[in-house]
Structure formats: C-alpha cells, structure tokens
Amino acid sequence: MSVAKKEYKRITTKTLVDMKDKGEKISMLTAYDFTMAKIVDGAGIDVILVGDSASNVMAGHETTLPITLDQMIYHASSVVRGITRSLVVVDIPFGSYQSDPKEALRSAIRIMKESGAHAVKVEGGKEIKESVKRILNAGIPVMGHLGLTPQSIYKFGTYTVRAKEEEEAEKLKADAKLLEKAGCFAIVLEKVPAKLAEEVAKSLTIPIIGIGAGNGVDGQVLVTHDMIGMTHEFNPRFLRRYLELYTEMTKAFEQYSTDVKSGDFPNSKEQY
Ligand code: KIV
C-alpha cells in the first residue's frame with residue numbers, strides 16, 4: 001500500500017495543498033469509466049482526472065474539441081461510482097466555458113450536480129479569469145491548466161513543447177499567479193521546459209501537477225491508457241509505459257479466436 005493511501009482516507013483539495021506543504025508528491029491519472037476508476041482509486045492514486053482526452057482515447061477523435069458536456073458528465077458519473085478515496089476532477093469541455101462566465105458556471109454546476117465529481121478543470125489563464133472566479137464564487141473548486149492546452153491546438157498548430165521563448169514563459173508565469181490569486185486549488189502544467197515548471201512550482205503555494213514538465217513540480221499526471229500501453233502509437237519523450245497492454249491484449253484476443261475456432265473453448269469444465 002502506498003504511503004499516501006495509508007495516511008489519507010479521502011483526498012480533498014485541501015489534502016493536496018497540505019501535501020505540497022509537506023513536500024509529498026501528488027499522483028494523478030485519468031479514468032473515464034467505472035471499472036478503470038475502481039482500479040486506479042484502489043491503487044491509491046490521489047487524483048482521478050476525467051479528462052477531455054476521453055475524446056481521443058474513448059471516442060477516437062483526433063482532438064479533444066468534439067467531446068460534449070453531456071458526454072463528459074456520462075464519463076464522470078461512471079468514474080464517481082467507482083471511487084472511495086481519490087479526488088475526482090472533471091474537464092469542462094471545449095465550447096462550454098469560453099464564451100461567457102455565466103455559461104462557464106452553468107457547465108460547472110451541471111458537472112457537479114449530475115456526476116457527483118469534486119472539482120472541475122479549465123484550460124487557460126487571463127482570458128478565462130472571470131469564468132474561473134464565477135465558478136469559484138459558487139463554491140466549486142477549480143484546477144487550472146497551462147502550457148500545452150489541447151483545446152487550443154488549432155491556435156498552436158502543433159503539439160510541440162510550449163513556453164520555450166521568453167515572452168510565452170513570462171505569460172505562463174503571470175497566468176499561474178493569476179489562477180492562484182483567483183482561488184484555483186492546483187494547476188496542470190503540460191509540456192513546458194522542466195526549469196520553467198520548477199520555477200512556477202516554487203513561486204506558488206498551490207500544487208503544480210506536471211505532464212511533460214519534469215520532476216521539479218509537486219505531482220505528475222499521465223493518461224492511464226498511455227501509461228499502461230493500451231495505446232501504442234503515441235510515444236512522447238515524457239511517457240513512461242508501465243505495461244504493454246496493447247501487445248498483451250492482442251495476444252489474448254488472438255488466442256481466444258484460435259480456441260473458439262478450434263473448438264478448444266469452452267472445455268468440459270467451462271460448461272454447465
Ligand atoms: O484531458 C486530459 O487527459 C488532460 C491531461 C493530459 C492533463 O488534460
């Protein structure tokens with residue numbers, strides 16, 4: 001059993017800030033369904049992100065843009081039914097918070113009410129400040145997301161490392177401060193230079209959770225399907241694969257097919 005799992009019965013947004021204070025790293029993984037959430041929660045992962053990466057991983061879209069609020073709520077409510085300990089954070093999908101703060105609040109309320117999740121995540125800094133404040137004023141915890149923000153992929157034009165240049169790095173640092181000041185309880189930093197991520201983590205009191213942002217931050221997040229090797233075409237440098245499930249599952253399915261076709265399955269013990 002992990003150390004954190006023993007110490008904390010239930011992870012809250014406050015637990016995460018306390019963990020940063022104590023210098024304890026935060027573990028975060030994605031889940032989009034009940035069965036996966038149950039395993040991830042049982043393993044002692046601190047935060048489960050119902051990411052809009054469900055758009056890629058579950059639905060097969062090229063980007064995170066097409067997934068809808070209803071679909072995110074469906075995934076989130078399945079995840080919530082599978083957990084007893086982890087904090088569940090849900091991405092507000094593209095198009096459900098950018099136009100105005102009232103719409104952002106309506107979307108956040110629907111996620112909290114209809115799924116039972118504990119917090120929402122939004123991408124961006126200064127541009128969405130009023131929406132973040134409006135959601136927080138309603139008592140809903142908000143996680144920020146800066147650096148490579150996949151909902152803006154058509155603006156960036158590429159999934160390459162962000163904030164390598166001074167100007168973008170300065171904006172990122174200012175946005176991180178702004179999100180902390182607005183009341184966010186944590187920020188995801190995606191695909192930025194490790195040195196910059198460490199500087200941001202050191203300058204804030206709220207936890208910085210990195211993905212492709214090096215080891216100087218307060219925690220790490222990965223897409224579960226990537227880290228267990230169920231996906232196999234996505235191979236960024238930051239990804240560590242803990243299993244090779246694409247290969248293992250393919251072997252199992254091939255063996256099953258062989259057994260069915262040869263008449264080996266089911267045998268006399270596998271029938272009534
Ligand atoms: O949607 C997602 O899975 C994410 C993580 C990559 C941080 O936002």
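Remember, it's 1-based here, ligands and their atoms both numbered in the order they're listed.
Here is the list of ligand 1 atoms found below 4.0 Å of a heavy atom in Thr30: 3 (O). Applying the 4.0 Å criterion to heavy atoms of Lys121 picks out, from ligand 1, the atoms 8 (O). The atoms of ligand 1 that sit less than 4.0 Å from any heavy atom of Ile211 are 6 (C). Under a 4.0 Å criterion applied to the non-hydrogen atoms of Leu49, ligand 1 contributes the atoms 2 (C), 3 (O), 4 (C), 5 (C), 7 (C), 8 (O). Interface atoms of ligand 1 facing Gly51, defined by a heavy-atom separation under 4.0 Å, are 1 (O), 2 (C), 3 (O).
For Asp175 (side chain) and Lys126 (main-chain N/O), a donor-acceptor pair under 3.5 Å exists by modelled atom type.
Within the 4.5 Å cutoff, no side-chain heavy atoms of His118 are placed close to those of Val89. For the pair Tyr154/Thr63, a side-chain contact is recorded, criterion being any heavy-atom separation below 4.5 Å from C-beta on.
Polar contact with ligand 1: absent for Glu123 (N/O pair, distance under 3.5 Å). Looking at Glu190 next to ligand 1, no N or O pair under 3.5 Å apart turns up. Considering backbone and side-chain atoms alike, Asp91 places an N or O below 3.5 Å from some N or O of ligand 1.
Closest heavy-atom contact between Met72 and Asp91: CE-O, 3.4 Å.
Salt bridge status for Asp70 with Arg110: present, with a side-chain N to carboxylate O gap under 4.0 Å.
A continuous path of Ile, Leu, Val, Met, Phe, Trp and Tyr side chains, each step under 4.5 Å between heavy atoms, connects Met36 with Met227, placing both in one hydrophobic cluster.
With Tyr8 as the aromatic partner, Arg85 does not meet the cation-pi criteria of under 6.0 angstrom to the ring centre and within 45 degrees of the ring axis.
With hydrogens left out, the protein atom closest to atom 2 (C) of ligand 1 is Ser53 OG, 3.3 Å, a heavy atom.
Residue His145 places a heavy atom under 4.0 Å from ligand 1.
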